[in-house]
Amino acid sequence: MSARPLTGVRVLDFGLLTAGANTSAMLADLGADVIKIESGAYLDPFRIVGKPDNEDGWWNRSPQFRFTNRNKRGLALNLKAPEGQRVIRELAAHCDVVVENFRRGVLDRAGLGYKDLSALNPRLVFAAISSQGDTGPERMNVSFGSTLDATSGIASLTGYEGEEPRISGMDVNYPDQIVSLFATGIVITAVMEARRTGQGAFLDFSQREVASFTLGEEILAASADPARPNGRRGNREEGVTQQDAYRCKDGRWIAVTLDQPDATLAAFCASLDSTAAVTALLARGIAAAPCNDGNDLLGNTALQGVTLVRDERGGLVKGLPYRLSGKGISIERPGPDLGQHTSEVLRELLGYDDAQLKKLAEAGVTSTMPTIGDV
Amino acid sequence: MSNDTALPLARFTILEVNDANVPLCLRLSTSLAAKIAADLGASVLKIEPPGGDPVRRAPPFLPQGESALFQFLNTSKRSLVLDLASDAGRATLKGLLDKADAVLFEEPAASAPLLRASRATPIEIAAFSVEMNAATRPVSEFAILALGGLLHMVGEPERKPLRLGGHQASYAAGLTAFTGLAAALAARDAGQTAPDVRVSLAEVMQWVNWKAVSGADAAGASPGREGRISEFQIVPCRDGHVAVVYTVTQWPATRTLIGDPRLADAKFSTRAGRRQNIAELYEIITPWFVGKTRTEIQKTAQAKGVPFGPIFSPAELLQTEQYVARGFLADMDHPTLGTLRLPQLPVQWNGRSFAPRPAPELAA
C-alpha cells in the first residue's frame with residue numbers, strides 16, 4: 001500500500017471504551033501501527049459491556065469492542081507487574097505516540113506516565129484523555145458518558161419545552177463520541193512537530209471541555225449577558241422560523257425545518273405516510289428527513305457512505321467519519337483477541353525469543369484469558 | 001503561546017472560502033475546522049462574499065448586536081471580501097490558492113469545482129454522503145440529526161424525539177474536518193501527495209451514533225429513546241437537576257451512597273433486574289436528591305466513585321471551579337466589543353493553552 005499520512009508512526013494504545021480506543025483507531029486508519037495494551041486483569045470494558053454470551057472466549061466476541069478496535073494489534077501485559085511495566089517501557093522506546101484514558105495517576109503509579117516515558121523517548125507524543133483534564137480540583141473525578149452531557153452544559157439545552165433537562169443516554173453517550181474527532185487532529189499536529197523538532201508533547205484533553213467547546217457561542221453569549229434567557233426549547237432553534245418533529249400517518253416521525261411558518265404542517269404530515277411527506281416537502285424546497293433508527297441506518301447503504309464496513313470475518317465494524325481521496329477504508333485486521341499479538345510484537349520490536357516469551361507467560365505477565373472471574 | 005512563530009501550525013497557510021448560497025449548517029462546520037487551525041497558529045484567510053459571511057447575522061447575539069456565533073467560530077482569522085461571481089474575484093482567489101496549503105469550502109458552493117482543482121489540498125464539507133448524490137437537496141442541521149439517527153435516541157418513547165442542544169451535527173463535522181485537515185497537512189509535510197478530504201454531516205452523525213447500528217445488528221431491534229424507562233434518568237435536587245449515571249461495576253457504590261435498605265433486594269442486584277424494576281428503583285432513590293444541592297451531590301458521589309452528573313447551564317459554567325482553575329475560558333480583548341469570555345481549544349499542550357485572537361471585522 002502506498003504511503004498514508006501516518007505511515008511509519010507507531011502508537012502505544014492504552015485507550016479504553018470509545019474516547020481513548022477510538023482516537024487510536026482513527027490514527028490506525030491513517031496508517032499508524034497501533035499496538036493496544038490490555039491485560040488479563042484489566043480488559044477494555046467494551047469486551048465486558050458488549051459480551052454476547054457466557055461461553056468460553058466471550059471476551060473476544062463483543063461487537064462494541066470489534067467496532068472500535070479493528071486495524072489494531074492486541075497485546076496483553078500486566079501493568080501492575082514490574083516485569084510488565086519493564087516490557088512496556090521497552091516498547092515505548094519504539095513508539096511515537098501514547099494514547100491513554102485511564103483515571104489520572106494510574107500510569108504514573110505504574111512508572112509509565114509521561115515523565116517516565118518521555119525520559120526514555122523524548123519524541124513521544126502523549127495523549128492523556130480524561131474526564132476533567134490532568135489539572136484542577138476535579139481532576140480525579142470519574143465520569144461515564146452522559147455524566148458529561150450534564151456537566152458540560154449540553155443537557156441544560158436539551159429537553160421538551162419548559163421541562164427538565166435531558167441527556168443523550170447510555171446508547172449514545174454523546175460526549176464520549178466526539179472527543180476522538182478532535183483529539184486525533186491534535187495528536188497528528190503534535191506528531192508533525194515531533195517529526196520536525198524531535199520533541200514530543202504532553203497533550204492534556206478534558207472530555208468535559210471538549211463537550212462544552214461545542215457550546216462555545218452559548219457560553220460567550222451568557223458571559224456577555226448573564227440574564228440571557230436559556231433552557232429547553234424542544235426542537236425549536238433561535239433564528240429558525242419553525243422546526244419540529246411531526247408524526248406521520250404511518251406512525252413514523254419526520255424532522256422538518258421551515259423558513260416560512262406553516263400552521264397546517266402537523267395536519268399535512270399526519271395525512272401522509274412518512275416517505276410521501278418527506279418527498280413532498282423536499283419537492284417544495286423544505287428541509288425534511290425521516291427520523292431513522294439503527295435498523296434504518298443498517299439498511300441504507302447510500303446514506304451510510306463510508307461509516308460502516310465489514311471485517312474479514314464478515315463482522316460489521318466502524319468505518320471512517322470522512323472520505324480520504326474519495327475512498328473509505330478496507331479493514332486490514334479485525335479487532336484483536338485478547339493478547340493475540342503479544343508474542344508477534346515482542347519478537348518484532350524487542351527481539352524476544354521463545355524462552356523469554358515463555359517466562360513472561362508463566363509469570364502471568366502476558367495472557368490470553370481474563371483473570372477477573374465472572375462478569 | 002504568545003509568540004505566533006512558536007505555534008504548531010504557524011508554517012501553514014489555509015483558505016476558508018465562504019461562497020454565496022450555501023446552507024448555514026455547512027458554514028458552521030467549515031468555520032469551526034478553520035478556527036481550530038487558526039488558534040493553533042495557521043495563517044487562515046477567510047474569503048467572505050459581498051455583505052459578509054451570513055453567520056455574522058446569526059444568533060445568539062451579544063448585547064452590542066454582534067453575533068456571538070460568528071465571534072466564536074472565527075477567532076484568529078483574517079478576512080477578505082471577494083465576489084466569486086466576478087472574473088476579478090475568481091482571479092484573486094486563484095492567486096491565493098497557489099500559495100495555500102489547504103482550502104476549506106462547501107460542496108454546494110459555485111466555486112467548488114475551481115477549489116477542488118487547485119494545488120491547495122481541498123477539504124470539502126457536504127451535507128450528505130457521495131452515494132446519496134444529493135448536493136442540492138434542501139438541508140437543515142435538524143434534518144441531519146434525524147437522518148443520522150441521533151434524534152431517535154433522545155426523549156420519551158411515546159413522545160416526539162428531541163434534538164441535542166447546540167450545533168452538534170455541524171460541530172462534530174467541523175471537528176472531523178479539522179482532523180482531516182491535520183492529516184492532509186501531515187502528508188504534505190512528509191512529502192506525500194495529500195489526500196483530499198470530504199466530510200458530510202450525515203456520515204459524521206451516523207459515525208457518532210454507531211451504537212444504534214451496532215445494537216440493531218447484534219439484537220435485531222434498534223436501541224432508541226427510553227425516557228422514563230432508561231437506567232440513566234434526570235432527577236430534581238434542591239437547586240436544579242442531576243443526571244443519575246453509573247456503570248454496572250459502580251452499582252454497589254451507588255447503592256451504598258443512597259443507603260436505602262430496600263436497594264439490597266435481590267431484584268436490584270443485576271442490571272436486568274434493575275431495568276425490569278426501574279420505576280420502583282427511581283422511587284427509592286429520588287428522595288435522596290431532593291434536599292441536597294448539585295455541588296453536595298457531586299462531592300458526596302465522587303467520594304464514592306459514583307459519576308452522577310449535576311446539570312449546569314452555560315452561564316453557570318463560567319463560574320465552574322474546574323474551568324476557572326484550568327483557565328479553560330479565555331478573556332479575549334476585542335477592539336470594538338470589549339472583553340469577551342469564551343472557551344479555548346479543549347487541549348493543553350505541555351501545560352499551555354491556545355489563546356484565541358478576535359474574529360476579523362468585515363472590510364468596508
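Sequence lines set the chain letters: A, B, ... in the order given, protein chains first and strands last, and positions in each chain run from 1.
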Check your understanding: Should A:L303 and B:Q206 count as side-chain neighbours, where that means a heavy-atom distance under 4.5 Å?
Key -> yes

Review point. For B:V306, is it the side chain, the backbone, both, or neither that has a heavy atom closer than 4.5 Å to a heavy atom of chain A?
Key: backbone

Exercise for review: Evaluate the side chain to side chain donor-acceptor pair (under 3.5 Å) criterion for residues B:E131 and A:T301: first the C-alpha distance (whole Å), next the side-chain angles of each, then the deciding distance (0.1 Å), finally the verdict.
Suggested key: CA-CA 8 Å; B:E131 288 80 358; A:T301 51; over 6 Å; no

Practice item. Would you please test B:Q344 and A:E209 for side chain to side chain contact (heavy atoms under 4.5 Å, CB included) and show each step? Key: CA-CA 9 Å; B:Q344 311 199 55; A:E209 289 176 2; over 6 Å; no

Check your understanding: Are A:D244 and B:K160 ion-paired here, with the side-chain N under 4.0 Å from a carboxylate O?
Key -> yes

Review point. Does any heavy atom of chain A fall under 4.5 Å from the side chain of B:S67, the backbone, both, or neither of them?
Key: neither

Point to revise | Under 4.5 Å from any heavy atom of chain A - which part of B:K299 | key: neither

Check your understanding: Going by an N to O cut-off under 4.0 Å, is there a salt bridge joining B:E156 and A:R166?
Key -> yes

Review point. Counting only N and O atoms by type, is there a donor-acceptor contact under 3.5 Å from the side chain of A:Y322 to the main-chain atoms of B:V204?
Key: no

Exercise for review: Measure the CG-OG1 distance between B:L9 and A:T189 for me, rounded to the nearest 0.5 Å.
Suggested key: 4.5 Å

Point to revise | Contacting moiety of B:A184, where chain A heavy atoms sit under 4.5 Å | key: neither

Point to revise | Heavy-atom side-chain contact between B:H152 and A:N292 under 4.5 Å | key: no

Point to revise | Under the side-chain contact (heavy atoms from CB on, under 4.5 Å) test, residues paired with A:N295 that sit two or more places apart | key: A:D293, A:L298, B:A216, B:S222

Exercise for review: Pick one of side chain, backbone, both or neither for B:V139, based on which atoms fall under 4.5 Å of a heavy atom in chain A.
Suggested key: backbone

Exercise for review: Look only at the side chain of B:S313 and the backbone of A:S156, and say whether a donor-acceptor pair between them is shorter than 3.5 Å.
Suggested key: no

Review point. Does A:T147 use its side chain to pair, donor to acceptor, with the backbone of B:P307 at less than 3.5 Å?
Key: yes

Practice item. Determine yes or no for a side-chain-to-main-chain donor-acceptor pair under 3.5 angstrom, with B:E203 supplying the side chain and A:P321 the backbone. Key: no

Point to revise | Side-chain (A:T307) to main-chain (B:W207) donor-acceptor, under 3.5 angstrom | key: no

Check your understanding: Less than 4.5 Å apart, any side-chain heavy atom of A:D225 and any of B:L62?
Key -> no

Point to revise | Contacting moiety of B:F308, where chain A heavy atoms sit under 4.5 Å | key: backbone

Exercise for review: For the pair B:Q322 (side chain) and A:T135 (backbone), establish whether a donor and an acceptor sit closer than 3.5 Å, ignoring hydrogens and angles.
Suggested key: yes

**Study point:** Residue B:L164 versus chain A: region with a heavy atom under 4.5 Å
**Key:** both

Check your understanding: Can any side-chain N or O of B:R159 pair as donor or acceptor with the backbone N or O of A:Y160 at less than 3.5 Å?
Key -> no

Point to revise | Salt-bridge present (A:D204, B:R326; N to O < 4.0 Å) | key: yes

Point to revise | Value rounded to 0.5 Å, distance of CD in B:Q192 from CZ in A:R4 | key: 10.0 Å

Practice item. State whether the side chain of A:S223 and the backbone N or O of B:R341 hold a donor-acceptor pair below 3.5 Å, judged by distance alone. Key: yes

Check your understanding: Considering residues, nucleotides and ligands other than B:Q64, do more than 12 of their heavy atoms fall under 6.0 Å from its CD?
Key -> yes

